[in-house]
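Worksheet: one structure, shown below.
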Amino acid sequence: MPLLYEKAGHVGIITLSRPQARNAWGEDYNDGFKELLPQIEDDPDIRCVVLTGDDAGGAFSAGADLKNPKTHTNNSAAEFIESLPKRRRFQAMNLLSDFPKPLVAAVNGYAVGIGCIVTYCCDLIVASEKAEWRLPQVALGILPAQGGTVRLARWIGRGQAMKVAMGFPLTAEEAYRIGLAQWLVPHEQLMGKAMAVAERVASLPPLAVRLAKEAVVFGQDAPLREAANADLYRFMALELTEDKKEAHQAWRERRKPVLKGR
């Protein structure tokens, strides 16, 4: 499987690994995420996940394999329509967007096409100075699928998303300046910083982290008043957890809390 996975404490690390093709995307990535993400979700030891590209490939992901003549080709509208329910359920973009634990993208080089889109299906982005985002689909007579432009517009606004959709590259420095990347570091410091971010998140009460992510993600699609009201129910649910009681008591006693995710 071209997805490598390892655990480091409470952090899981997923690596897109097809270095001979600059970590180019294939259906096997979708299959890998479909198999791997539910396992990570059910693993109580893992509280945050880092997603990166194999550095031996010199890129985060070079996108779809355009050398394959079947790439971006459908011969039957009927087959495509019939396949849509499975596509919606099992496409990596949706699997990542719906994943309940925080995802940190460590972008170590070119993130092109679908490799670009997958980064902003994560929750936080740490960028190497070598990182660069590109959406070349329009120049190929198609468009960024899987909500590629809509997702980006919700990160950085309509104008910036249109700029990238029209094929203009987005450098690491500019991505950091406009808020797509939350951290920008020298290349050799990328994984160290990404792990520090993930470990910081993983040190927090897991249930509160999960509902905070849910509030941000689902709140984007809801009117403000509805989103605020939904947060009241999340707040009330967290008030009943053991970790809330322990975190408050630890704060009063000036000690580190012992969190159990309950």
Side-chain angles (χ1 to χ4, degrees), residues 1-8 11-37 40 48-72 91-93 95-96 99 103-137 139-140 144-146 148 151-152 164 167-176 180-198:
M1 187 170 71
L3 290 184
L4 305 180
Y5 179 64
E6 59 181 308
K7 296 168 64 172
V11 177
I13 306 166
I14 301 174
T15 304
L16 307 176
S17 184
R18 186 174 279 116
Q20 71 279 10
R22 303 185 74 190
N23 305 324
W25 197 272
E27 282 300 315
D28 46 5
Y29 277 160
N30 279 325
D31 295 338
F33 279 116
K34 182 170 68 174
E35 176 183 343
L36 184 58
L37 289 179
I40 300 174
C48 189
V49 176
V50 172
L51 175 63
T52 192
D54 191 330
D55 216 33
F60 177 82
S61 174
D65 180 10
L66 295 180
K67 293 181 179 179
N68 184 343
K70 294 183 179 180
T71 298
H72 300 152
Q91 281 290 346
M93 305 318 116
L95 291 171
L96 290 166
F99 189 67
L103 292 162
V104 179
V107 184
N108 58 311
Y110 286 104
V112 181
I114 194 168
C116 173
I117 297 168
V118 75
T119 66
Y120 44 82
C121 290
C122 297
D123 303 300
L124 296 165
I125 296 177
V126 183
S128 155
E129 290 177 336
K130 294 183 179 180
E132 185 170 295
W133 285 260
R134 291 176 179 261
L135 290 177
Q137 287 93 327
L140 295 169
Q146 305 299 324
R151 295 179 198 272
L152 185 58
V164 180
F168 292 93
L170 187 64
T171 66
E173 184 176 350
E174 188 174 6
Y176 175 69
L180 178 63
Q182 287 71 62
W183 293 271
L184 173 62
V185 297
H187 186 74
E188 63 274 11
Q189 297 177 20
L190 175 68
M191 286 306 295
K193 182 63 178 180
M195 288 301 296
V197 170

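Residue numbers start at 1 and run along the sequence shown. Just so it is clear, the model here is predicted, and its values are computed rather than measured.
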Evaluate whether atom CD of Glu173 has more than 12 neighbouring non-hydrogen atoms of other residues, nucleotides or ligands under 6.0 angstrom away. no
Reported CD-to-OH distance for the pair Glu35 and Tyr5, which is rounded to 0.5 angstrom: 12.5 Å
Separation between CH2 (Trp183) and CD (Gln189), nearest 0.5 Å, reads 15.0 Å
What heavy-atom pair brings Gly113 and Leu135 nearest, and what distance separates the two atoms? O-CD2, 3.7 Å
Quick one, Arg18 and Asp28 - any side-chain contact, counting heavy atoms below 4.5 Å? yes
At what distance, to the nearest 0.5 angstrom, does CZ of Arg134 lie from OG1 of Thr171? 10.5 Å
Please identify which of these residues, Ile40, Asp123, Leu96, meets the side-chain contact (heavy atoms from CB on, under 4.5 Å) condition with Val49. Ile40
Quick one: closest heavy-atom pair of Ala62 and Ala21, and the distance? CB-O, 4.3 Å
Counting only heavy atoms not in Tyr29, do more than 12 sit closer than 6.0 Å to its OH atom? yes
How long is the span from the CD atom in Glu129 to the CD atom in Glu188, to the nearest 0.5 Å? 7.5 Å
Show the nearest heavy-atom pair for residues Tyr176 and Gln182, with the distance to one decimal. CE1-O, 3.5 Å
I need the Phe33 CZ to Gln91 CD distance, nearest 0.5 Å. 11.5 Å
Leu51 pairs by side-chain contact (heavy atoms from CB on, under 4.5 Å) with which of Leu103, Val104, Leu16, Thr119? Leu16
Between Asn30 and Leu95, is a side-chain contact (heavy atoms from CB on, under 4.5 Å) present by the stated rule, with each step listed? CA-CA 9 Å; Asn30 279 325; Leu95 291 171; 5.8 Å; no
Specify the closest pair of heavy atoms between Val50 and Ala198, including all atoms of both residues, with the distance to one decimal. CG2-CB, 3.6 Å
Is there side-chain contact between Trp25 and Ile117, with heavy atoms separated by less than 4.5 Å? no
Taking the side chain as every heavy atom from C-beta outward, state whether Val118 and Met93 have any pair of such atoms under 4.5 Å apart. yes
Heavy-atom pair of closest approach, residues Ala106 and Met191: CB-SD, 3.9 Å
What distance separates Ile13 CD1 from Cys48 SG, expressed to the nearest 0.5 Å? 10.5 Å
Result of checking Thr15, Asp55, Asn23 against Asn108 for side-chain hydrogen bond (donor to acceptor under 3.5 Å, both in side chains): Asp55
Ignoring hydrogens, what is the shortest heavy-atom contact between Ile114 and Gln137? Give both atom names and the distance. N-NE2, 4.0 Å
